[in-house]
Amino acid sequence: MATEAIVALLSAIGEPLRLTNAQIADPRADELLVKIAGTGICHTDLTVQHGRFPSPVPIILGHEGSGVVVAVGDDVGDIAVDDNVVLTFMSCGVCSSCRSDDPAYCEKFGQLNMGGYREDGSSATCCNGHEVAGHFFGQSSFATYALVNRRNAVKVRPDAPIHMLGPLGCGLQTGAGTILNALKPEKGSSCVIFGGGGVGLSAVMAARLVGCDPIILCEPVESRRALGLELGATIAIDPRAEGDISARLMELCGGGVDVICDTTGIPAMIEAAVQALGIGGKLGLVGMNSMDAMATLSVVSILSKGLTIKGVIEGDSNPRIFIPYLVDLFMAGEFPLDRLISFFDISQINEAFAAQEKGAAIKPILTFAS
Ligand SMILES: [Zn+2]
Ligand SMILES: [Zn+2]
């Protein structure tokens with residue numbers, strides 16, 4: 001018996017999303033059906049809508065879902081009906097990265113997350129009698145129900161407010177994990193974060209947890225700088241107001257910077273980061289704006305300072321461990337993700353996309369009350 005759902009469908013690149021009825025097939029043995037409580041909007045959803053990533057259409061986007069399990073396949077085992085789950089990225093489970101508990105670098109990451117279909121090319125979801133891409137990031141959670149694989153559902157404690165936890169599945173684990181898992185700055189080291197969106201502000205919160213000092217947020221939007229200061233940044237600057245951003249950062253840090261996290265993907269910022277880092281400095285590259293962005297880096301700076309430049313996907317996270325850890329921090333008041341969130345009803349999905357794109361909302365979450 002298929003499940004009747006309401007989904008936000010992207011019919012063609014560049015078009016607004018439209019709510020429509022859909023039918024979702026029953027879970028296979030390794031799948032579960034989740035009644036969605038909330039889904040965050042992440043930059044990647046906008047990127048696909050604008051055609052900058054090669055995902056198929058028609059497609060149901062949404063990859064920061066969370067909710068309650070309503071049906072499980074026979075082989076799911078450790079997740080049961082009525083469990084609360086956060087949905088995260090999909091991985092194959094059998095490649096060398098997956099076997100090393102490093103699923104963010106799954107060899108099939110692109111196909112399984114951007115491809116819109118299951119690994120075997122099928123989809124569980126039909127709209128108006130036609131199959132649509134219903135497995136974006138293994139979840140397609142701009143919908144009242146999502147059919148997901150056991151591998152991309154993470155069970156979380158039942159006392160946490162499940163409707164606001166979805167962004168932990170992508171944007172928030174990306175920012176926090178870049179600091180805590182990938183760059184691992186020491187207490188007291190200087191940390192600079194480029195960009196004060198959901199990813200950057202999560203990095204700020206993580207840098208505060210570590211005890212970095214100073215923590216400098218570079219962000220053009222004034223309200224985001226102000227929030228960054230409340231969440232743990234010790235200094236917030238507008239990069240557009242600085243003549244030489246590298247020189248300014250070195251001045252603020254009393255020499256070269258220890259750790260920089262770039263969430264912007266802007267080549268000029270990445271080039272500035274290489275100049276600003278000190279001896280043994282580390283640069284984490286998290287943001288990507290287009291498939292063909294190129295940066296020109298000073299070879300002598302990288303060599304002479306012994307720099308580490310690390311690309312980071314999904315915060316180098318093993319979600320099954322890292323997401324419950326972040327939930328515990330949130331519940332203890334140490335990772336106040338609620339400060340990033342604004343709620344929109346699913347009927348306002350296009351307004352929510354626009355708010356995120358303009359910077360008016362940091363982390364919109366769509367809810368499904370109506
Ligand atoms: Zn894999
Ligand atoms: Zn994302």
Side-chain angles (χ1 to χ4, degrees), residues 8 10 30 36 38-50 52-53 55 59-66 86-116 118-120 135-142 146 148-152 154 164-178 195 197-203 261-265 284-291 311-320 322-323 326 337 340-341 349 352-353 356-357 361-366:
L10 177 68
D30 60 350
I36 297 295
T39 302
I41 298 175
C42 179
H43 189 70
T44 306
D45 298 306
L46 278 71
T47 309
V48 173
Q49 188 193 27
H50 293 320
R52 293 200 292 265
F53 274 155
S55 291
I59 191 168
I60 304 161
L61 299 174
H63 65 287
E64 290 187 345
S66 61
V86 170
L87 307 180
T88 186
F89 60 91
M90 182 56 178
S91 55
C92 80
V94 296
C95 73
S96 62
S97 297
C98 286
R99 287 201 312 270
S100 310
D101 288 332
D102 218 359
Y105 300 95
C106 175
E107 289 171 11
K108 293 187 174 167
F109 189 94
Q111 177 199 342
L112 293 176
N113 291 290
M114 311 302 294
R118 291 188 183 105
E119 190 171 357
D120 67 5
H135 299 267
F136 183 64
F137 277 76
Q139 55 180 286
S140 288
S141 50
F142 291 151
V148 307
N149 190 278
R150 168 68 191 89
R151 287 193 58 76
N152 67 309
V154 177
M164 59 172 69
L165 300 184
L168 290 171
C170 187
L172 304 193
Q173 78 174 344
T174 296
T178 299
V199 176
L201 291 174
S202 301
C261 169
D262 174 66
T263 73
T264 71
L285 300 182
V286 186
M288 185 168 77
N289 266 317
S290 77
M291 297 289 281
V312 187
I313 294 286
E314 301 283 353
D316 280 5
S317 166
N318 181 357
R320 214 162 289 182
F322 196 52
I323 289 175
L326 293 176
L337 62 89
L340 311 182
I341 291 170
I349 187 168
F353 265 58
Q356 209 227 20
E357 195 155 30
I362 292 167
K363 179 52 75 178
I365 288 185
L366 299 164

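Just so you know, these numbers use all the heavy atoms, side chains as well, and skip hydrogens, waters and symmetry mates. Atoms within a ligand are numbered from 1 in the order they appear, just like the ligands themselves.
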task: State, without any angle test, whether T88 and Q173 hold a side-chain donor-acceptor pair at a distance under 3.5 Å.
output: yes
- request: Measure across M288 and H43 and return the closest heavy-atom pair with its distance rounded to 0.1 Å.
  value: O-CD2, 4.4 Å
query: What angle sits at the Zn ion (ligand 1) between SG of C106 and SG of C98, to 10°?
result: 110°
- prompt: Between SG of C42 and SG of C170, what angle is found at the Zn ion (ligand 2), rounded to 10 degrees?
  reply: 130°
- prompt: With no hydrogens and no angle check, do the side chains of D102 and S100 hold a donor and an acceptor under 3.5 Å apart?
  reply: no
task: Can you label the angle between the F136 ring and the H63 ring as parallel, tilted or perpendicular, going by 30° and 60°?
output: perpendicular
message: For a distance under 2.8 Å, tell me if H43 has an N/O/S atom near the Zn ion (ligand 2).
response: no
field: Closest approach to the Zn ion (ligand 2) by H63, given as the N, O or S atom name
entry: NE2
